[in-house]
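Structure first, commentary second.
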Amino acid sequence: MTSVSNLSSTSSSMIDRFSAVDRAATVAATTVGKTGGGYGSVADSVSLSPLGKSLHDESLVVFNALSDKQRGQLVSLVDSGKMTGEEVHDALKQRLKEARSSALNATHRMFSKDHDDLYRNPGATGDDLNNALADTLKRRSSLIENMTAATNDDERQSLSDELASRGLGPDRTGLLGKQRYIMPQFFTPDLADSRIASTRKEGDAAYKLQSLGFDLDGVDQALRSIGEQDSAAILSERAGLPSSRVVARDSSFSMEDAVIQPLAFPQSNGGSIDENGFLARMRAQDQWLGKTSDPVGVVRWIDPPARAALADAPASASVDGEADAAKVAFIKGLKPRY
């Protein structure tokens, strides 16, 4: 395996190639929201090297956020033939999506802990939820700024842990089957949101980049602030809150290629959907997930599902436990470690 030290060789020819990509990326890269137009507000592709020809949109933003050493390693990988420019593009795009997803999930956890009272408040309104979200986003923005400015490792780690918002939140298991509660619409999972959802091809590229000795943890650290800002913009968009930042969708994304797929309905022996069993179960579970088309600003109450709807349904939609376990391992291996 090629070591990181070998990848970062500073021969004059490599430096010349890197400088060309670096200069172009610095000029062409655009920060989401700076002009309100998202990616593509300015020319954001470069064409001065094999890697430069492949960098555009998300990957170019990531490349521009990296250190000189990290950029040089990527140029060396492509020039040596160990990775193609397209593979590097896919890997960098995947890390940006992962940074957004991680920030969004951490925001959800923090929101749930800070505003637990809203979940059970019969008088809560859509404005209450949006105001609570705005407070949480403001808190996270302050935390990321302080963490970026911190000079002490212990202080930086403490702020990082607070941002991650790990640990157990309020226990709502007692609500199951007993009490209705609010599902904030802006946290409803959207598997088709290409700004967060990644493809198997992108994940494979990230794993390949890591296998060649490239430090993905370093990329994740460089992208943490961008991921937070993008996540805040996406949540603000969902909630109808004002935001100066716009995060464009991935134009090349296809739901068919996504790592996480929607649950498929199994068919009966006659070839039709089993309405009396599995579909009823999925409808009940969808109610718990809050998958409805309520307009923004309308409080969504989640009612306990009818136990009869679950009684005669299969316990799981999965028919291949080993394949499911492999997919879970694939997804978990791509999560940022901070």
Side-chain angles (χ1 to χ4, degrees), residues 4 31-33 61-62 65-67 69-70 91-92 94-119 129 131-173 183-184 186-189 193 195-198 203 206-207 209-210 214-236 238-239 241 243 245 247 260 328-338:
V4 172
T31 300
V32 184
V61 171
V62 176
L66 301 180
S67 67
K69 179 180 178 180
Q70 290 169 317
L92 297 185
Q94 198 281 330
R95 297 325 293 165
L96 179 56
K97 291 181 177 183
E98 207 67 61
R100 294 167 179 164
S101 176
S102 178
L104 194 151
N105 290 332
T107 302
H108 190 179
R109 292 192 295 269
M110 181 178 286
F111 178 95
S112 297
K113 295 174 184 178
D114 290 351
H115 305 288
D116 178 54
D117 57 315
L118 284 178
Y119 281 83
L129 292 172
N131 290 336
L133 175 63
D135 289 343
T136 298
L137 295 180
K138 183 178 180 180
R139 177 186 171 192
R140 295 188 67 80
S141 177
S142 177
L143 285 171
I144 197 72
E145 289 179 6
N146 292 337
M147 188 185 74
T148 303
T151 57
N152 180 279
D153 288 343
D154 290 340
E155 179 187 6
R156 187 180 299 110
Q157 186 60 53
S158 176
L159 291 166
S160 175
D161 291 343
E162 190 173 353
L163 267 172
S165 195
R166 298 186 185 89
L168 296 176
D171 183 8
R172 297 195 182 90
T173 57
M183 168 68 78
F186 36 79
F187 288 126
T188 300
D193 192 335
R195 298 168 295 186
I196 298 171
S198 58
Y207 274 118
L209 184 59
Q210 184 180 49
F214 192 82
D215 181 18
L216 291 188
D217 290 344
V219 176
D220 294 339
Q221 290 293 345
L223 293 179
R224 194 165 186 185
S225 178
I226 295 176
E228 283 288 338
Q229 294 175 62
D230 283 0
S231 169
I234 292 170
L235 286 170
S236 295
R238 291 179 179 179
L241 296 174
S243 176
R245 194 177 186 87
V247 184
I260 302 179
V328 169
F330 182 88
I331 295 169
K332 285 186 174 180
L334 292 170
K335 296 299 180 184
R337 298 184 297 180
Y338 43 61

key: Closest non-hydrogen atom pair, A222 against A65   = CB-O, 3.8 Å

key: Where L159 and A150 come nearest, the two heavy atoms and their spacing   = CD1-CB, 4.5 Å

ask   = Which pair of non-hydrogen atoms, one from V62 and one from L92, has the smallest distance, and what is that distance?
value = CG2-O, 3.5 Å

task = Hey, could you give me the OG1/CZ distance between T151 and R156, rounded to the nearest 0.5 Å?
result = 7.0 Å

task = Using side chain to side chain contact (heavy atoms under 4.5 Å, CB included) as the criterion, point out the one residue from S158, S225, S160 that pairs with M147.
result = S160

task = Drop me the distance from I226's CD1 to R245's CZ, to the nearest 0.5 angstrom.
result = 7.0 Å

inquiry  = Let me confirm one number: the CD1-OG distance from I260 to S101, rounded to the nearest 0.5 Å.
reply    = 7.5 Å

remark   = Sequence neighbours excluded, the answer for salt bridge (Lys or Arg N to Asp or Glu O under 4.0 Å) partners of D135 is none

message = Please tell me whether R140 and S231 have a donor and an acceptor in their side chains that are separated by less than 3.5 angstrom.
response = no

message = The test is side chain to side chain contact (heavy atoms under 4.5 Å, CB included); show your working for R100 and L96 and say whether it passes.
response = CA-CA 6 Å; R100 294 167 179 164; L96 179 56; 3.4 Å; yes

Non-hydrogen side-chain atoms of R95 and P336 separated by less than 4.5 Å = yes

query = Is the closest side-chain heavy-atom distance between I144 and R224 below 4.5 Å?
reply = yes

inquiry  = Please report the interatomic distance CG(D215) to CD(Q70), rounded to the nearest 0.5 Å.
reply    = 7.0 Å

query = Can you find a heavy atom in the side chain of Y119 that is under 4.5 Å from one in the side chain of P184?
reply = yes

note = Looking only at heavy atoms, the pair that brings A164 and A106 closest together is O-CB, 3.6 Å

Ring pair (Phe, Tyr, Trp, His ring centres under 6.0 Å) against F187, all qualifying residues, sequence neighbours excluded = H108, F111

request  = Mind checking the CG-CD spacing from L104 to E228? Nearest 0.5 Å is all I need.
outcome  = 9.5 Å

ask   = Does the side chain of H115 come within less than 4.5 Å of T136's, by heavy atoms?
value = yes

message = Is it the case that the side chains of Q157 and D161 hold a donor-acceptor pair, with the cut-off being a distance below 3.5 Å and no angle test?
response = yes

message = How long is the straight-line distance from CG of L216 back to CG of L223, given to the nearest 0.5 Å?
response = 10.5 Å

key: Minimum side-chain heavy-atom gap R109-N105 below 4.5 Å   = yes

ask   = So, for F214 and V219, which heavy atoms are closest and what is the spacing to 0.1 Å?
value = CE2-CG2, 3.2 Å

request  = Run the numbers on L133 and R238 for side chain to side chain contact (heavy atoms under 4.5 Å, CB included), then give the verdict.
outcome  = CA-CA 11 Å; L133 175 63; R238 291 179 179 179; over 6 Å; no

ask   = Can you name the salt bridge (Lys or Arg N to Asp or Glu O under 4.0 Å) partners of D154, sequence neighbours left out?
value = none

Sidechain-backbone polar pair: S141 side chain, L137 backbone, donor-acceptor under 3.5 Å = no

